[in-house]
> 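Can you read through this structure? Questions will come right after.
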Amino acid sequence: MTWQFSLTGLLIGALVGLTGMGGGSLMTPILVIVFGFKPTYAVGTDILHGAVFKTFGAVRHRRLGTVHGHLTLWMFAGSGPLSLAGVAVASWLQHTYGDGVQSAEGYAIGAALLLGAFGLAAKTFVKRGVQQSDAPFIMQRKDKVRAVLLGAVFGFIVGLTSVGSGTFFGLVMVMIYPLTIAKIVGTDIFHAAALLWVAGFGHLVQGNVDLHAMAWLLLGSVPGIWVASRFTLRLPQDALRLGLAGVLALSGIKLLNVPEASYVIAGGAGLLLAAFAVWAAVESRRRRTERDAAPAPAG
């Protein structure tokens, strides 16, 4: 398979470019469920692909000045080493328990997807730490300790499952650090790129990366994000984030092999489609009302 990987990369890149959200979390479940990758190889390929993929966004945010350098470094002090521990545990699980879809690694990915879905949903409602002004944030000792611990915990999860580099860090930063939305997003993406390079290199050394598949994924994802980022999608960010959370949750249920999972997934997919149909109907009615209320052009 070649063009199928590029098409998948194009869709993921377009989603990230249009919405600015962590659609990359979908890559690992797609590789496992759709393409039949063994979980450890899906994780390694996804992480190294994400490292290249997110570097483009990281460079852009650095040029825009939306990266808090000190916070990035302190988070990376914890996430870099612990991501390699996650890689080591993933390889150990593969050798000890096998690497089928219903293996220990597969269950770990499923659990991380459910946690990631919860994190995405929470990001929709948690706004308490967001600052309106871009006043300098000088880190104190307790802030640095929190950053290292944050990086260590979630860096391990990323190295083990590839899930969370664009979800967990941003959510916790919103809750505990006084930054603007732009600084949170920029710092999150810049740190994620650095973290994924370390974890990706670890998986590459362990032989967990399919370089052929990664190259074809990048052939689609890089143009996808560059082209799509030039357009604006007229969908509310909260609705998109909740929809993506629903898809991640259904993927996690599939990988966890939940009893009657097929019925749960079918029901969840039906609810997502119904919610989208309701939103489309409401949005269409709103636009029609606005058009009817608009004054007629002077003749």
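Just so it is clear, the values below take in all heavy atoms, side chains as well, and ignore hydrogens, waters and symmetry mates. Keep in mind that what you see is a predicted model, and the values were worked out from it rather than measured.
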> If you measure only the distance, is there a donor-acceptor pair under 3.5 Å linking the side chains of His68 and Thr187?
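No, no side-chain donor-acceptor contact under 3.5 Å.
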> Do Ile157 and Met75 land in one hydrophobic cluster if side-chain heavy atoms of ILVMFWY residues count as linked below 4.5 Å?
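Hydrophobic grouping puts Ile157 with Met75.
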> At what distance, to the nearest 0.5 angstrom, does OG1 of Thr2 lie from CG of Leu217?
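Reported value, rounded in 0.5 Å steps: 11.0 Å.
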> With hydrophobic residues grouped by side-chain heavy-atom distances under 4.5 Å, do Val172 and Phe169 end up in a single group?
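Yes, one cluster joins them.
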> With side-chain contact (heavy atoms from CB on, under 4.5 Å) as the criterion, how do Val158 and Leu195 come out once you've worked through the C-alpha distance, each side chain's angles and the decisive distance to 0.1 Å?
CA-CA 9 Å; Val158 170; Leu195 165 61; 4.1 Å; yes
> So which atom in Gly65 and which in Lys183 form the shortest heavy-atom distance, rounded to 0.1 Å?
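The answer is O-CE, 3.3 Å.
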> Got a second to check how far Lys38's NZ is from Glu105's CD, nearest 0.5 Å?
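The CD atom of Glu105 is 13.0 Å from NZ of Lys38, to the nearest 0.5 Å.
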> What are the two closest non-hydrogen atoms of Ala77 and Pro81, and how far apart are they?
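Ala77 and Pro81 have their closest heavy atoms at O-CD, 3.3 Å.
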> Which atoms form the tightest heavy-atom contact between Ile189 and Ala58, and what is the distance?
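Looks like CG2-N, 3.7 Å.
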> Could you tell me whether a side-chain N or O of His203 sits under 3.5 Å from a main-chain N or O of Val198, the two making a donor and an acceptor?
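No: the side chain of His203 does not pair with the backbone of Val198.
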> When you group the ILVMFWY residues by side-chain heavy-atom contacts below 4.5 Å and let the links chain together, are Met27 and Leu196 in the same group?
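Yes, one cluster joins them.
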> What distance do Ile33 atom CD1 and Leu26 atom CG have between them, rounded to the nearest 0.5 Å?
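If we round to the nearest 0.5 Å, Ile33:CD1 and Leu26:CG are 10.0 Å apart.
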> Looking at CZ of Phe156 and OG of Ser83, how far apart are the two atoms once the value is rounded to the nearest 0.5 Å?
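Answer for the CZ-OG pair, Phe156 versus Ser83, is 10.5 Å.
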> Identify the two heavy atoms, one from Tyr41 and one from Gly207, that lie closest to each other, and give their separation to 0.1 Å.
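In terms of heavy atoms, the two residues are closest at CE2-O, 3.1 Å.
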> Decide side-chain contact (heavy atoms from CB on, under 4.5 Å) for Trp3 and Trp216; before the verdict, give the C-alpha distance in whole Å, the side-chain angles of both, and the deciding distance to 0.1 Å.
CA-CA 7 Å; Trp3 65 268; Trp216 283 99; 5.8 Å; no
> Can you hop from Val153 to Leu84 via hydrophobic side chains spaced under 4.5 Å?
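Different clusters: Val153 never reaches Leu84 through Ile, Leu, Val, Met, Phe, Trp or Tyr contacts under 4.5 Å.
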> Does His61 offer a backbone N or O that forms a donor-acceptor pair with the side chain of Thr66 under 3.5 Å?
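Yes.
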> Nearest 0.5 Å please: distance from the CZ atom of Phe201 over to the CD atom of Gln206.
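Output value for this atom pair is 11.0 Å.
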> What's the shortest heavy-atom distance between Leu256 and Ala111, and which atoms?
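What the structure gives for the nearest pair is CD2-N, 3.9 Å.
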> Students often mix this up, so state it plainly: with edges at 30° and 60°, are the rings of Phe137 and Tyr177 parallel, tilted or perpendicular?
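Tilted: the ring planes of Phe137 and Tyr177 meet at 30° to 60°.
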> Taking the side chain as every heavy atom from C-beta outward, state whether Val43 and Val163 have any pair of such atoms under 4.5 Å apart.
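Counting from C-beta outward, Val43 and Val163 never come under 4.5 Å.
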> Assess, by modelled atom type and distance only, whether the side chains of Thr45 and Asp210 contain a donor and an acceptor separated by less than 3.5 Å.
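Result is no, nothing qualifies.
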> What are the two closest non-hydrogen atoms of Ala249 and Leu114, and how far apart are they?
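Minimum heavy-atom separation between Ala249 and Leu114: O-CD2, 3.4 Å.
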> With the side chain counted from C-beta on, respond yes when Val209 and His49 share a heavy-atom pair under 4.5 Å apart, and no when they do not.
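No, too far: nothing below the 4.5 Å cut-off.
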> Between Gln140 and Asp143, does the side-chain contact (heavy atoms from CB on, under 4.5 Å) criterion hold? Intermediate values first, please.
CA-CA 5 Å; Gln140 304 300 319; Asp143 299 316; 3.6 Å; yes
> I'd like to know whether Val87 forms a side-chain contact (heavy atoms from CB on, under 4.5 Å) with Val205, so could you lay out the CA-CA distance, the side-chain angles of the two residues, the decisive distance to 0.1 Å, and finally the verdict.
CA-CA 10 Å; Val87 173; Val205 170; over 6 Å; no
> Would you call Ser103 and Leu93 a side-chain contact if the rule is heavy atoms closer than 4.5 Å?
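Of all side-chain heavy-atom pairs linking Leu93 with Ser103, none is under 4.5 Å.
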> Check the angle between the aromatic planes of Phe5 and His212 and answer parallel, tilted or perpendicular using the 30° and 60° thresholds.
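Answer is perpendicular, since the angle exceeds 60°.
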> Roughly how far, to the nearest 0.5 Å, is the OG1 atom of Thr161 from the CG atom of Asp46?
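That separation rounds to 9.5 Å.
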> Answer yes if the side chains of Thr55 and Trp197 hold a donor-acceptor pair under 3.5 Å, and no otherwise.
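The criterion, which ignores hydrogens and geometry beyond distance, is satisfied for Trp197 and Thr55.
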> Would you say that Arg63 contacts Val59 through its side chain, given a criterion of any heavy-atom pair below 4.5 Å between the two side chains?
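Arg63 vs Val59: side chains touch.
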> Membership question, hydrophobic clusters at under 4.5 Å side-chain separation (ILVMFWY): are Leu219 and Ile30 in the same one?
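Ile30 clusters together with Leu219.
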